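Residue numbers start from 1 in every chain, and the chains themselves are labelled A, B, ... in the order their sequence lines are given, proteins ahead of strands. Values in this document were obtained by computation on a predicted structure and should not be read as measured data.
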Amino acid sequence: MDWQSDANAVKATFAPTLEGWYERHRRDLPWRHTRDPYRIWLSEVILQQTRVAQGKPYYERFVESYPTVTDLANADERELLRLWQGLGYYSRARNLHQTARYITDQLGAEFPATFAGLLTLKGIGVYTAAAVASFAFGERVPVVDGNVYRVLARVFGITEDITTTGAKKTFAKLAEQLIQHAEDPATYNQSIMEFGAIQCTPVSPDCLLCPLQQSCNAYQTGRQMRLPVKAKKAPVRDRYFNYLVFRQGDRLAMRERTDRDIWQNLHDFWLIETDEPVDALTDLVLPEEVVGLVSQGRVTGGAVPLTQLLSHQRIRGQFFLIDMPDGLPVALPAGFNWHSADEVNRLPKPVLITTYLNEGLG
DNA sequence: AAGTCGGGGAC
DNA sequence: GTCCCAGACTT
């Protein structure tokens with residue numbers, strides 16, 4: 001059997017296997033006792049980026065307080081938000097209310113009965129539209145949530161980074177193929193998410209008792225823990241840039257940045273970078289090259305703090321202005337030059353420096 | 001494509 | 001501490 005037909009064989013048995021697994025392992029959850037699109041929609045919105053255990057009591061309280069979409073539409077906004085309190089992502093609650101009013105007022109309290117129709121509603125994206133369309137109306141459209149990414153990446157050995165647009169298309173296309181083999185779309189969608197939540201978990205999946213063990217690419221290649229691939233978003237690093245701004249008349253001491261770092265070829269001042277914030281000039285350890293300059297000069301004003309946010313760094317700038325005596329020439333460290341105000345204007349500079357020149361410089 | 005929105009549980 | 005959760009929306 002060649003690779004192509006082998007992969008197709010796995011695809012064909014995937015949905016029935018999960019549907020069988022689901023029958024034996026499904027949890028008894030309140031939203032699984034209804035096909036009311038309102039209650040299913042409510043549960044899906046509550047469960048967006050939220051664990052079942054956390055969302056369940058909220059769902060029960062909402063159903064109790066607002067049994068129908070019209071009840072929700074007529075709800076007091078503040079009372080609704082109070083019920084939502086502690087769930088996070090509060091725009092979900094506001095969109096919920098807005099959409100309930102829209103359905104009640106504009107659609108005669110009837111939910112759109114198709115994936116495409118549901119997708120037009122505020123707060124309903126691709127996942128939730130698929131969930132409601134399949135669970136409430138039986139439409140054969142696949143849900144693709146965090147569980148599905150994980151299960152599919154492992155079983156089919158997909159190594160694409162799931163945070164990219166290309167990967168999302170890959171998974172959506174595969175999910176679309178897989179659901180064609182399902183006996184019941186709603187049950188299949190429930191089963192793959194339940195499977196991801198209970199069996200094919202992010203850490204220490206239960207591969208030894210897994211019905212897909214034989215056909216799972218990740219298990220067969222020992223890569224369960226490596227899949228799915230998900231790019232870590234680079235943490236925002238704090239950097240403290242303490243600038244000594246030497247001024248003589250209208251001239252400023254600047255240099256071109258040439259290090260392998262941000263702002264290459266742009267011009268800035270004498271920089272002392274620290275790992276921690278510094279309040280005063282006296283807290284800075286001055287390098288030998290500038291000790292003499294600082295002692296000759298006069299510190300003007302206090303520290304000027306300015307922050308610039310970059311993609312992966314937060315630059316906390318702190319500017320200390322030091323006026324040098326007029327008349328006699330002042331020698332600068334290597335790489336630095338005196339620049340007149342006009343020259344400074346024309347030099348390419350980081351936004352942080354320009355902001356300081358415009359707003360912070362006395 | 002990247003940023004923003006949250007609280008909580010598992011490790 | 002990190003990661004992730006039945007994602008959607010804005011820029």
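Checked against salt bridge (Lys or Arg N to Asp or Glu O under 4.0 Å), A:E19 has no partners two or more places apart in sequence or in another chain. Residues satisfying the salt bridge (Lys or Arg N to Asp or Glu O under 4.0 Å) test with A:E343, not counting sequence neighbours, are none. Scored by the salt bridge (Lys or Arg N to Asp or Glu O under 4.0 Å) test, A:R255 finds A:D268 as partners (sequence neighbours excluded).
Atom CG in A:L87 sits roughly 9 Å away from atom P in B:dG8 (whole-Å rounding). If you take NZ of A:K122 and C1' of C:dC9, they are 9 Å apart, rounded to a whole angstrom. Look at OH on A:Y149: it is 13 Å from C1' on C:dA6, rounded to the nearest Å. As rounded to whole Å, 13 Å separates atom C1' of C:dA8 from atom CG of A:L96. Straight-line distance from the CH2 atom of A:W41 to the C1' atom of C:dA8: 14 Å, rounded to whole Å. Remark: P of C:dT10 and CZ of A:R92 are 16 Å apart, rounded to the nearest angstrom. One atom, OH of A:Y58, and another, P of C:dA6, lie 16 Å apart when rounded to the nearest Å. When the P atom of B:dC5 is taken as reference, atom CH2 of A:W84 falls 17 Å away, rounded to whole Å.
The residue A:T128 sits close only to the backbone: its heavy atoms come under 4.0 Å of sugar-phosphate atoms, none of a base. Residue-level contact check: A:V45 touches neither bases nor backbone, having no heavy atom under 4.0 Å from any strand.
Looking only at atom types and distance, the side chain of A:T163 has a donor-acceptor partner in the side chain of A:D161 under 3.5 Å away. Side-chain contact, A:R92 with A:N95: no donor N or O sits under 3.5 Å from an acceptor N or O. Residues A:Q48 and A:Y127 have side chains that never bring a donor and an acceptor to within less than 3.5 angstrom of each other.
Between A:L29 and A:N95, the residue anchored closer to the 5' end of DNA chain C is A:L29, taking for each the nucleotide with the nearest heavy atom. Position along DNA chain B of the nearest nucleotide to A:Y90 versus A:T164 favours A:T164 as the more 5'-ward residue. Residue order along DNA chain B, read from the 5' end via each residue's closest nucleotide, puts A:G86 first among A:V203 and A:G86.
Between A:W41 and A:T99 there is a side-chain heavy-atom pair separated by less than 4.5 Å.
The side chain of A:E194 has C:dA6 as its nearest neighbour among C:dA6, C:dC9, C:dG7.
Using atom C1' as the reference point in both B:dG9 and C:dA8, the two lie 23 Å apart (nearest Å). The P atoms of B:dT4 and C:dA6 are separated by 24 Å, rounded to the nearest whole Å.
Contact detail for A:F135 and A:R35: the closest heavy-atom pair is O-NE, 3.4 Å.
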Scan nucleotides 3-5 of chain C against the protein and return all N/O pairs shorter than 3.5 Å with their distances rounded to 0.1 Å.
| unit_1 | atom_1 | unit_2 | atom_2 | d |
| --- | --- | --- | --- | --- |
| C:dC4 | O2 | A:R51 | NH2 | 3.1 |
| C:dC5 | OP1 | A:R150 | NH1 | 2.7 |

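A:L227 shares a hydrophobic cluster with A:V229; the chain of contacts runs through ILVMFWY side chains whose heavy atoms sit under 4.5 Å apart.
A donor-acceptor pair under 3.5 Å is formed between the side chain of A:Q220 and the backbone N or O of A:Q213.
The stretch residues 134-145 of chain A has no heavy atom under 4.0 Å from DNA chain B, so no residue of it qualifies as close.
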